[in-house]
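Quick note: numbers below take in every heavy atom, side chains included, and nothing from hydrogens, waters or symmetry partners.
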Number of protein chains: 2
Amino acid sequence: MVNLMHGNLNAQSSQPDKVDIYLHPLFKHCDDNFIKTLGTISRKITCEKGQTLLFRGDKAVFFYLIRSGCVKLYRETIDGTLAVVDILTAGQVFCEISIFEKCHHPYNAEVVEAGEVIMIPVELLQEEIKNNHQFALDVLRLVANHCRQQERELEHRSLQNAAQRIGCFFLRLLNRREGEGGTFHLPYDKMLVASRLGMQPETFSRALAKLKKETGIHIKGSKIKVDNISNIAKYTCSACSSEFPCKDLDFSKGR
Amino acid sequence: MVNLMHGNLNAQSSQPDKVDIYLHPLFKHCDDNFIKTLGTISRKITCEKGQTLLFRGDKAVFFYLIRSGCVKLYRETIDGTLAVVDILTAGQVFCEISIFEKCHHPYNAEVVEAGEVIMIPVELLQEEIKNNHQFALDVLRLVANHCRQQERELEHRSLQNAAQRIGCFFLRLLNRREGEGGTFHLPYDKMLVASRLGMQPETFSRALAKLKKETGIHIKGSKIKVDNISNIAKYTCSACSSEFPCKDLDFSKGR
DNA sequence: CTTGAAAGTTGACTATAATCAAGGCAATAA
DNA sequence: TTATTGCCTTGATTATAGTCAACTTTCAAG
């Protein structure tokens, strides 16, 4: 469930520290000249927890890449209810639609964990998309991946219960690590994980307890120890249309 | 909620009869020569109710455009539970991802109302995407619109109740007609509408009764009469992050 | 017109998650 | 050290939708 397909770089490490924009697959078909321009024109900013990077409705003038820290994308109704769109960590990107379309931000972006964010002016990318056909296709792939991810989440809202959604989230975190089983840390606060999965903190707490009971995982704070991955898969993926391991987990094969 | 942004042609009529592929905005930047080739190479098939157009997992070799009738896109878990991805009517398209990526179908497609479907070989479009930069951008826009639609639906699953989701669905149907208020017909069976909105038929029935009570709409079979649109908007859109009328309703302005 | 099947509705009950409230725990500041 | 704060958990209750069953309506076939 975590936004692997939203453009992750450091797939091997569970919690990448800092990432290099030049390594992002989005730029793999860009020549050195362009990458150099990227490096000089992009803004690198250090952001504090609580800082708002962009407001919904504002004109999109930058494409964003997270070098470190954690960013929450969300919308808000008039009465103040939040709908969290996504929570992104190091290596992930957002505002990709602004690369090819003049648009206004469809969500707010708030820093929930201090870090560094790179802002690339969209004109630069819009120019590249015209000149570099391969880059246009890579943008398409990025958007399509995002689309597929949302399709899956929409399905999960219908078919999976809270505990199963958490299980799926864990499987995706585990997938970012090599090897079988083992221990990992939640990438951010439990409250944030809850909002990311579209549930209340209380529901998350109870559902996590249920997942523990059903699959035998060990939980200590934000540290999760999994002895047997297939236990989670059996419990979680039975309520999903993708058979385990689902193809979108296996992003190394590049579909 | 109905798939307006998924590529609709005959926006002015509530239930378009047959549509012309050449009018689809996806092809607006293609020259006459290409359109002519489209006409000769595409397959036009007549399909019966119940017919399966494609199976999940099959290799994608066609891009589909619905000329008339109704197609259900869905996934299925091992135990047979369905998750309806979308229900498409005349003028709408599917399998757009196959245009730029070799992929396998992420869902099944079943004809739920007899009609005509046009199948365009993806090679033809993959060629065009390389030669025609504007077409590539139009594909990007199509995918991005689909993406935005899903973002909205995901939000609605969290923030709106069943009756509000139906109200939003109605607003979108009304938006396809010109003028204020008036009467429209459901584009397909109530059971299908229910599945499209991710709820059980019983829940739909009850929620529709609730919507009627709350907004004063008149219901007779599949015919819905709305005297005051803003009643629906007030009831429905209060639980949505988009203020009414939301921008994606107003697709004529082309964002 | 009758008949049968499918769609749609309604009622009773259950499952799931949201809400409200209280308390525990851990990190940090005083 | 204690106090404070925010995160997290737990309990009790409520809201919402799902499930199962019975019934009505609609529509098409005969």
Can you tell which of C:dA18, D:dA17, C:dT10 lies closest to the side chain of B:Thr203?
D:dA17
Are any side-chain N or O atoms of B:Arg56 and backbone N or O atoms of A:Ser241, one a donor and one an acceptor, separated by less than 3.5 Å?
yes
What one should report as the nearest heavy-atom pair of A:Phe169 and A:Pro187 is CZ-CG, 4.2 Å
Closest approach to the side chain of B:Met199, judged atom by atom: which nucleotide of D:dG18, C:dG8, D:dA12 is it?
D:dG18
Nearest whole angstrom, please: distance from the P of D:dT10 to the CD1 of A:Ile219.
10 Å
Side chain of A:Glu202 only, please: which of C:dG8, D:dT16, C:dA21 is the nearest?
C:dA21
Using a 3.5 Å distance criterion without hydrogens, assess whether the side chain of A:Arg43 forms a donor-acceptor pair with backbone atoms of A:Met119.
no
Measure NZ/B:Lys220 against C1'/C:dA7 and give the value in whole Å, please.
16 Å
Expressed in angstrom and rounded to an integer, what is the separation of B:Asp189 atom CG from C:dA5 atom P?
18 Å
Please check this pair: side chain of A:Thr236 against backbone of A:Ile232, looking for a donor-acceptor N/O pair closer than 3.5 Å.
yes
Expressed in angstrom and rounded to an integer, what is the separation of A:Leu197 atom CG from C:dA17 atom P?
12 Å
Counting only pairs under 3.5 Å, give me each side-chain donor-acceptor contact of residues 212-223 of chain B, with atom names and distances, residues two or more places apart or in other chains.
| unit_1 | atom_1 | unit_2 | atom_2 | d |
| --- | --- | --- | --- | --- |
| B:Thr215 | OG1 | B:Leu211 | O | 2.7 |
| B:His218 | NE2 | B:Asp227 | OD2 | 3.0 |

Between CD of B:Glu113 and C1' of D:dC27 the distance, given in whole Å, is 15 Å
Closest non-hydrogen atoms of A:Arg196 and A:Val84, given as atom of the first, atom of the second and distance, are CA-CG1, 4.2 Å
Choose from C:dG8, C:dA17, D:dG18 the nucleotide whose nearest atom is closest to any side-chain atom of B:Met191.
C:dG8
Through what angle, rounded to 10 degrees, does the axis of the helix from C:dC1-D:dG30 to C:dA30-D:dT1 turn between its ends, using five pairs per end?
30°
Closest approach to the side chain of A:Arg206, judged atom by atom: which nucleotide of D:dT9, D:dA12, D:dT19 is it?
D:dA12
Check every atom of D:dT19, C:dT9, C:dT19 against the side chain of B:Gln200 and return the nucleotide holding the closest atom.
D:dT19
Checking A:Gln150 side chain against B:Leu154 main chain: does a donor-acceptor pair fall under 3.5 Å?
no
Which nucleotide in C:dT9, C:dT16, D:dT16 has an atom nearest any side-chain atom of A:Asn161
C:dT16
Can you tell me the distance, in whole Å, between the NZ atom of B:Lys190 and the C1' atom of C:dA6?
14 Å
Could you give the CG-to-P distance, from A:Leu208 to D:dT9, as a whole number of Å?
7 Å
Rounded interatomic separation in angstrom, taking OH from B:Tyr188 and P from C:dA7:
16 Å
